Amino acid sequence: MNMDAPYFSVGLTGGIGCGKSTVADLFAARGASIIDTDQIAHSLTAPDGAAMPALVAEFGPSYADANGALDRAKMRALVFSDANAKARLEAILHPRIRQATLTAAAEATGSYVIFAVPLLVESGGWVERVNRVLVIDCLESLQVARVMARNNLAEEQVKAIMASQATRTMRLAAADDVIDNNGDLAALEPQIAQLHDVYLAFSKRITGMGSQRL
Ligand code: ADP
């Protein structure tokens with residue numbers, strides 16, 4: 001993150017299924033600019049994606065599918081069994097994701113910027129580059145139920161993904177703000193409204209102040 005970023009920024013995170021996308025949409029409806037690092041990673045590895053030439057050079061053409069997109073299943077299998085390959089993949093992707101998020105943030109027209117980063121707590125650097133860390137929190141049993149329903153996965157598969165992420169306690173320890181998403185959608189609205197007001201007030205203060213932690 002540009003340390004002189006003239007915008008107020010929030011890093012939005014949460015465990016799988018806690019409601020990051022749901023909450024991001026509600027902030028977007030109020031005028032925040034959402035920059036989704038998962039979407040950016042996806043577009044970098046789509047056909048003609050900006051990371052594809054480097055990935056093919058590093059891992060070979062067999063890691064691209066017939067359309068020229070990254071063969072995700074093959075890459076997932078490789079990095080699962082090979083920590084060195086994971087580091088090589090990240091060395092290609094992370095700087096490009098960072099650059100693309102910066103470009104998107106510089107072009108954002110919303111009242112402030114929200115970076116939606118699923119692994120914000122796990123991946124070094126993000127906490128220092130945003131003004132506030134917002135964690136979307138819910139019970140682990142709800143995560144399991146929501147992801148089973150959304151992705152049609154078995155309970156064990158959801159739990160395996162959760163085990164690869166930071167624990168609920170670790171995420172909450174990194175949070176400046178927490179949204180409780182244990183209730184229904186109606187229970188989210190007042191929490192979003194309240195935080196949006198706080199963020200608007202911060203964004204008026206921070207213009208031109210740099211990206212210090214608030
Ligand atoms: P994430 O982006 O953190 O993985 P999502 O926002 O996709 O989570 O939410 C996971 C699933 O649970 C989605 O199908 C979403 O529609 C649903 N969901 C999220 N929050 C609620 C809620 N408060 N009430 C009912 N369903 C919800």
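If you're wondering where the values come from, they're calculated on a predicted model, not measured in any experiment. For ligands, and for the atoms within them, numbers begin at 1 and follow the listed sequence.
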* Other residues, nucleotides, ligands: >12 heavy atoms within 6.0 Å of D48 CG -> no
Side chains of residues 71-79: which donor-acceptor partners sit under 3.5 Å, not counting sequence neighbours?
unit_1	atom_1	unit_2	atom_2	d
D71	OD1	A73	N	3.4
D71	OD1	K74	N	3.1
R72	NH1	T45	OG1	3.1
R72	NH2	T45	OG1	3.2
K74	NZ	S62	OG	3.0

* Under a 4.0 Å N-O cut-off, is there an ion pair linking R168 with D137? -> yes
* Asked: Which residue from A145, A149, A187, G183 reaches closest to atom 24 (N) of ligand 1 through any of its heavy atoms?
  -> G183
* Contact partition for K20 relative to ligand 1, non-hydrogen atoms under 4.0 Å -> both
* Provide, to 0.1 Å, the distance between atom 17 (C) of ligand 1 and the closest protein heavy atom, together with that atom's residue and name. => R146 CD, 4.2 Å
* Is there a heavy atom of G14 sitting under 4.0 angstrom from any atom of ligand 1? -> no
* Do any N/O atoms on I16 end up under 3.5 angstrom from N/O atoms on ligand 1? -> no
* Which bit of C18 gets closer than 4.0 Å to ligand 1, counting heavy atoms only: side chain, backbone, both or neither? -> backbone
* For atom 13 (C) of ligand 1, the protein heavy atom that lies nearest, with its residue and separation -> R150 CD, 4.0 Å
* To do: Evaluate the criterion side chain to side chain contact (heavy atoms under 4.5 Å, CB included) for residue pair V10 and F115; output intermediate values, then yes/no.
  => CA-CA 6 Å; V10 177; F115 296 107; over 6 Å; no
* Asked: What residues form a side chain to side chain contact (heavy atoms under 4.5 Å, CB included) with A154, not counting sequence neighbours?
  -> E156, Q157
* Report the C-alpha separation of N131 and Y199 in whole Å, then their side-chain angles, then the decisive distance to 0.1 Å, and conclude whether the side-chain hydrogen bond (donor to acceptor under 3.5 Å, both in side chains) test is met. => CA-CA 10 Å; N131 300 122; Y199 292 161; over 6 Å; no
* Structure fact -> protein heavy-atom neighbour closest to atom 23 (N) of ligand 1 works out as N181 OD1, 2.7 Å
* Asked: What do you reckon, is CG of N84 surrounded by more than 12 foreign heavy atoms closer than 6.0 Å?
  -> yes
* Quick one: look at V23 and ligand 1, take heavy-atom pairs under 4.0 Å, and tell me if it's side chain, backbone, both or neither. => neither
* To do: Please indicate whether any nitrogen or oxygen in L188 is less than 3.5 Å from any nitrogen or oxygen in ligand 1.
  => no
* Asked: Which ligand 1 atoms are under 4.0 Å away from a heavy-atom of T22?
  -> 5 (P), 6 (O), 9 (O), 15 (C), 19 (C)
* Asked: For ligand 1, which atoms have a heavy atom of G15 less than 4.0 angstrom away?
  -> 3 (O)
